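Quick caveat, the model's predicted, so the values are computed rather than measured.
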Amino acid sequence: MESLKQAVRAYTRRHANRRGMALTPVPRLRMMCLEAPSGDLHSVYKPLVCLVLQGAKRLNVGREERLFSAGESVMVSADMPVVGRVVEASRSEPYLAIAIELDMAILRELTAHLGSPRRPRPSEMPTLFAVDTEAALLDCAARLMQLLDRPEAAPLLSPGIMRELHYWLLSGPHGTVLRTLADPDSHAGRLAAAITILRAEYRSRVPVERLAAEAGMSLTSFHKHFKHMTSLTPGQYQKRLRLVEARRLMLDEGFTASNAAFEVGYESVSQFTREYGRLFQTTPKRDALSARKPAKVADLADNAAVGIGSPA
């Protein structure tokens with residue numbers, strides 16, 4: 001564990017953005033290091049596992065709030081809007097986490113071999129939960145981290161490590177949930193198809209009828225199951241994608257507020273400003289200006305890709 005924490009600190013020191021987030025050339029692997037507690041971090045997480053190595057983070061999903069601490073692995077089983085807040089971090093002991101986005105193709109392939117247990121009812125399907133991190137998961141994460149120093153080996157070795165990691169997750173206490181997620185005929189699997197469209201086309205108006213048809217549901221059933229899984233309506237979900245991406249563009253890429261608004265699909269800057277303020281409790285102009293100042297440890301906002309959730 002100590003060597004893994006040192007590796008995360010070393011990599012983020014060189015590659016993290018102003019919000020402590022470090023993407024990597026190894027597919028689906030990213031990490032976070034924060035040396036002070038943060039404000040609210042808004043993200044739209046993809047299905048992932050996040051290994052909390054040090055510190056603690058509080059996550060809000062819908063009406064549910066959970067605290068995740070060192071030694072736990074956070075599992076997100078759906079494309080979820082999440083509000084996080086790092087609550088335990090310091091310069092000597094920063095918050096450290098590794099996030100690995102799940103691969104649906106691998107989950108489906110392994111599920112076919114392992115077999116599908118009883119499918120839980122939608123009301124029994126948790127979207128956010130934690131397990132104690134097992135040594136096998138830490139070992140897989142450590143081997144993925146080692147590939148950062150051997151980029152020529154990553155395309156050859158990372159698929160095998162990812163396959164092993166998914167096996168251990170499917171064999172764990174929440175394997176039933178992950179197998180349901182991998183089932184294209186489950187509610188979660190059918191909703192995932194609709195969410196894929198929303199993520200790809202969030203800049204444009206997407207008729208809800210098209211989303212319901214993609215999920216193979218009636219409009220009434222689609223609205224019900226979509227809100228149960230994500231805590232938002234489809235329209236609210238698309239708005240969240242737009243706003244989180246606009247904030248990323250301003251903080252990470254130096255966009256002005258108006259340019260970010262138009263880039264993510266808004267036709268009215270005033271509407272963008274109102275909706276931005278309701279979600280982030282500040283103005284987009286203030287955030288855009290803050291990106292031009294020297295980064296501060298506590299001036300943080302999460303990333304939509306992924307959380308690390310876009311997300312860790």
- With sequence neighbours left out, which residue pairs that include part of residues 202-219 fulfil the side chain to side chain donor-acceptor pair (under 3.5 Å) condition? E201-R210

For [X], check side-chain contact (heavy atoms from CB on, under 4.5 Å) against everything at least two apart and list the hits.
X    : result
A10  : R13, R14
S69  : A56, L67, E72
A70  : none
P155 : none

Set of residues satisfying side-chain hydrogen bond (donor to acceptor under 3.5 Å, both in side chains) with respect to [X], sequence neighbours excluded:
X    : answer
E93  : none
R143 : D139, E164
Q236 : T233
R150 : E152

Please enumerate all residues that pass ring-ring contact (aromatic ring centres under 6.0 Å, His included) together with [X], with sequence neighbours excluded.
X    : answer
Y95  : none
F68  : none
F280 : H42, Y276

